[in-house]
Amino acid sequence: MAEERRDLYEVLGVSKGASDDEIKKAYRKLVKKYHPDLNPGDKSAEEAMKEVNAAYEILSDPEKKARYDQFGHAGIDPTYGAGQQGGFSGFDAGDIDLGDIFGSFFGGGFGGFGGSAYGQTRTRSGPQRGRDVEINIELSFEEAVFGCEKTISLNRSEVCPDCGGTGAKKGTQPETCPVCHGTGQVRTTQRTAFGVFQSAGPCAHCHGTGKIIKEPCASCGGTGQIKKKRRITVKVPAGIDNGQTITLRGQGHAGKAGGESGDLYVTVSVRPHKLFKRSGQDVMLEMPVSFSQAALGATLTVPTVDGKVQYNMPEGTQNGTVFRLKGSGIPKLGGKGRGDQYVKVNIEVPRNLTREQKDILRKFEEVVDDEHYEEKKGFFAKVKDLFNK
């Protein structure tokens, strides 16, 4: 009695009305799950892969799919995958590199396996660059403007001084791995539903290093590196801004097998200032003045990042007027020159006046007519034109 075969749509986990894209997507997902190279020695995965291939071969072909939809398994020629146990009749593809297969399916990469295609795992036997270190420091507004030096502490990996980074006991040397002959990789050949495949992976004997350490260094335990706490002085350039990063080459973790050290990235955070605001290389300041100062003019004492300076404000200065102090801004990072400082005048109206002060202001209003108020005069002229139409 023939064994009952599973529905092909059920095998791929899609509905009968699934589109071509849905079928292809489901197939790719199952390939990643059941492929024998990802499940070495797992017979159930190999059988599942055969069944998945059989289902996809039929459902991806419009003519075969139509016959299957109409007649079921009976409508499919056995040579196209409806053989024993609903499996795949198989084929002999010869000596095929798995990277070529998955390169065509998945655009030159598969899963999380390095290289341009699966099977091209990157060896660890050569020099490896050390990891980078990232750290944040906080600066005052003035420190960012004029630059400073900051001392930071960090823990980093360094080359073991006792073994020089080899990981072997002093007086000894690592030996070449007899399994991979120093390459850090081994190639395996496996017969699967696709045919015979070759793939490369890290050597299990030397863990991909290509070296065997028989007598490990006591100081580093055979790793070739030790942890050290270091204090490093960072020169912060004048004009640096919030969120910018200083790079110190070679101050990160040490590399392995002679690889260069990583870098140290120092990102700055600048605390806000009580008076000044920054806009690129310029400094912005809002300064209150009295009504009489604005009307009569005055010599103002203006704070800048360099200290106090004198500025002669002309008479009749209006509220919101902005004047510039050239060259009183922030140094240009890595270049010459400085930005400017812009001072916005805010005329403050006095409060809590005495009776005498109010009387003086009333007398002032009596002797000053609209001709002295340009904006007021212009406003009422427009109102008059509006209502005389």
Side-chain angles (χ1 to χ4, degrees), residues 2-123 185 187-202 208:
E3 185 176 344
E4 185 178 354
R5 298 165 184 167
R6 291 178 64 195
D7 179 78
L8 300 186
Y9 290 101
E10 180 185 344
V11 172
L12 295 184
V14 296
S15 62
K16 188 171 182 179
S19 65
D20 292 342
D21 286 341
E22 289 173 330
I23 291 172
K24 184 180 294 185
K25 185 177 180 180
Y27 173 68
R28 290 177 175 178
K29 183 178 180 180
L30 292 172
V31 167
K32 293 180 181 181
K33 180 178 180 181
Y34 292 122
H35 195 278
D37 273 18
L38 305 181
N39 302 275
D42 189 339
K43 293 297 183 182
S44 61
E46 185 174 346
E47 291 302 317
M49 188 70 253
K50 291 179 181 179
E51 191 176 29
V52 166
N53 276 313
Y56 181 70
E57 184 183 9
I58 294 168
L59 298 183
S60 63
D61 185 298
E63 184 179 344
K64 299 175 193 175
K65 181 174 179 291
R67 291 204 306 269
Y68 177 77
D69 288 343
Q70 186 173 4
F71 302 107
H73 288 285
I76 304 300
D77 191 314
T79 61
Y80 288 111
Q84 295 180 353
Q85 299 180 0
F88 182 50
S89 60
F91 64 94
D92 186 359
D95 190 11
I96 302 174
D97 192 302
L98 187 58
D100 294 334
I101 296 294
F102 285 104
S104 62
F105 273 130
F106 304 107
F110 181 61
F113 301 90
S116 62
Y118 178 72
Q120 298 177 354
T121 307
R122 185 177 300 169
T123 178
Q185 288 189 338
R187 298 190 67 84
T188 58
T189 301
Q190 187 174 14
R191 184 177 295 277
T192 71
F194 285 110
V196 178
F197 294 95
Q198 287 187 348
S199 60

Tell me the closest heavy-atom pair linking [X] and [Y], and the distance in Å.
X: A26; Y: L12; answer: CB-O, 3.4 Å
X: K64; Y: I58; answer: CB-O, 3.6 Å
X: I23; Y: L59; answer: CD1-O, 4.0 Å
X: G208; Y: P202; answer: CA-CB, 4.3 Å

Open item on the list: Which residues pass the salt bridge (charged side-chain N to carboxylate O under 4.0 Å, His left out) test with D69, not counting sequence neighbours?
Closed with: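 Expected list: K65.
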Task: salt bridge (charged side-chain N to carboxylate O under 4.0 Å, His left out) partners for E22, two or more places apart - done: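 Testing E22 for salt bridge (charged side-chain N to carboxylate O under 4.0 Å, His left out), a comparison that skips the adjacent residues, returns none.
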Who pairs with [X] by side-chain contact (heavy atoms from CB on, under 4.5 Å), at least two apart in sequence or on another chain?
X: D20; result: none
X: S15; result: A18
X: K43; result: E46
X: K24; result: R28, Y56

Task: By side-chain hydrogen bond (donor to acceptor under 3.5 Å, both in side chains) - contacts of D7 (at least two apart) - done: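 D7 satisfies side-chain hydrogen bond (donor to acceptor under 3.5 Å, both in side chains) with Y68 only.
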Task: Qualifying residues under side-chain hydrogen bond (donor to acceptor under 3.5 Å, both in side chains), relative to D42, sequence neighbours excluded - done: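 Only S44 meet the side-chain hydrogen bond (donor to acceptor under 3.5 Å, both in side chains) criterion with D42.
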